[in-house]
Amino acid sequence: MEENMTQWSYNSLSNLKYLDQVISESQRLHPVNTSLSRQCTVEKFKLPGTEIWIPRGTHICIPTFAMYKDPKYFPEPDRFNPDRFSKEKSDQISKIFLPFGEGPRQCIAKRFALIEVKSVISNLILNFNFVPCLVV
């Protein structure tokens, strides 16, 4: 934060890329939604890479929590590692990581929620000292 600023600006919060990674990794480890549900709205849909056809009207459950814990997509899935979401690696997991849903049914408050969380975390770090606590 610049010296004479008393508040964070939208641009300064938007440029905190590592904080974005930390928030994404926190959402992966502790998701609000453990699954997404959708309904097939096209006449027939073929799952890519398979011979499976989904008829219109079929309800589909996407087990996001299971995907987030799958070592195929996230090596060492129980380890907190914000670097998984670095710019170089984000293309690999963009179709797997769905904390706000995807497509036209995606959460309309996604950007607001993320800027709000970044604002709170940034102000806490700026105004308080944090120390590790050992719980016995």
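Residue indices begin at 1 and follow the sequence shown. Keep in mind that the numbers below use all heavy atoms, side chains included, and drop hydrogens, waters and symmetry copies.
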Q: Keeping E25 on the side-chain end and N81 on the backbone end, is there a donor-acceptor pair under 3.5 Å?
A: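 Confirmed, E25 side chain pairs with N81 backbone.
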Q: Determine whether a donor-acceptor pair (N or O, by modelled atom type, separation under 3.5 Å) exists between the side chain of Q106 and the backbone of F100.
A: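 No; zero donor-acceptor contacts below 3.5 Å.
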Q: For a side-chain contact (heavy atoms from CB on, under 4.5 Å) check, start with the C-alpha distance between D83 and Y18, then their side-chain angles and the critical distance, and finish with the verdict.
A: CA-CA 8 Å; D83 291 329; Y18 192 73; 3.7 Å; yes
Q: One pair to check against side-chain contact (heavy atoms from CB on, under 4.5 Å): I62 and S35. What are the steps and the verdict?
A: CA-CA 5 Å; I62 303 163; S35 65; 6.0 Å; no
Q: For L124, look at atom CG and say whether over 12 heavy atoms of other residues, nucleotides or ligands are found less than 6.0 Å away.
A: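 Buried by this count: over 12 neighbours within 6.0 Å.
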Q: Tell me whether S37 contacts the main-chain N or O of H59 through its side chain, where contact means a donor paired with an acceptor under 3.5 Å.
A: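 Pair absent, no side-chain N/O of S37 close to backbone of H59.
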Q: Could you tell me whether the side chain of T58 and the main chain of I54 form a donor-acceptor pair under 3.5 Å?
A: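 The answer is no, because no donor-acceptor pair under 3.5 Å joins these two groups.
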Q: Find out whether L16 and S122 are in side-chain contact, i.e. whether some heavy atom of one side chain is under 4.5 Å from a heavy atom of the other.
A: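 Yes. Closest side-chain heavy atoms under 4.5 Å.
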Q: Evaluate I52 against K46 for side-chain contact (heavy atoms from CB on, under 4.5 Å), listing each step before the verdict.
A: CA-CA 6 Å; I52 299 172; K46 183 179 181 200; over 6 Å; no
Q: Looking at every heavy atom in both D20 and S14, which two are closest together, and how far apart are they?
A: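 Closest approach of D20 to S14: OD2-O, 4.3 Å.
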Q: Looking at L29, L98, T34, which hits side chain to side chain contact (heavy atoms under 4.5 Å, CB included) with Y68?
A: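 One option only clears the test, and that one is L98.
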Q: For atom CZ of R111, is the number of surrounding heavy atoms from other residues, nucleotides or ligands below 6.0 Å larger than 12?
A: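 No, CZ of R111 has 12 or fewer neighbouring heavy atoms, counting only those of other groups under 6.0 Å.
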Q: Just by modelled atom types, is the S9 backbone N or O under 3.5 Å from a matching donor or acceptor in the S12 side chain?
A: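 Yes; judged by distance alone, with no hydrogens or angles, the pair exists.
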Q: Has the side chain of R84 got a donor or acceptor atom that lies under 3.5 Å from a matching backbone atom of P75?
A: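 Yes, the answer is positive, given that a donor and an acceptor are paired below the 3.5 Å cut-off.
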Q: Are the side chain of S119 and the backbone N or O of I115 linked by a donor-acceptor pair below 3.5 Å?
A: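 Not confirmed, S119 side chain does not pair with I115 backbone.
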Q: May I ask you to decide if K72's main-chain N or O and D70's side chain share a donor-acceptor pair within less than 3.5 Å?
A: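 Side chain of D70 to backbone of K72: a pair is present.
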Q: For K95, I'd like to know if atom NZ has over 12 heavy atoms of other residues, nucleotides or ligands within 6.0 Å.
A: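 Atom NZ in K95 is not packed in, count stays at 12 or less.
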Q: Determine whether K69 and D78 satisfy the following criterion, side-chain contact (heavy atoms from CB on, under 4.5 Å), listing intermediate values before the conclusion.
A: CA-CA 7 Å; K69 294 293 187 172; D78 294 325; 3.0 Å; yes
Q: Would you confirm whether the ring centroid of F97 sits within less than 6.0 angstrom of the ring centroid of F85?
A: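 Yes, ring centres under 6.0 Å apart.
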Q: Does F130, at its CZ atom, have more than 12 non-hydrogen atoms belonging to other residues, nucleotides or ligands within less than 6.0 Å?
A: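 Enclosed.
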Q: Main chain of P77, side chain of R28: is a donor-acceptor contact present, judged purely on distance under 3.5 Å?
A: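 It does hold such a pair.
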Q: Heavy atoms only: give me the nearest G101-L36 pair and the separation to one decimal.
A: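 Looking at all heavy atoms of both residues, the closest pair is CA-CD1, 3.9 Å.
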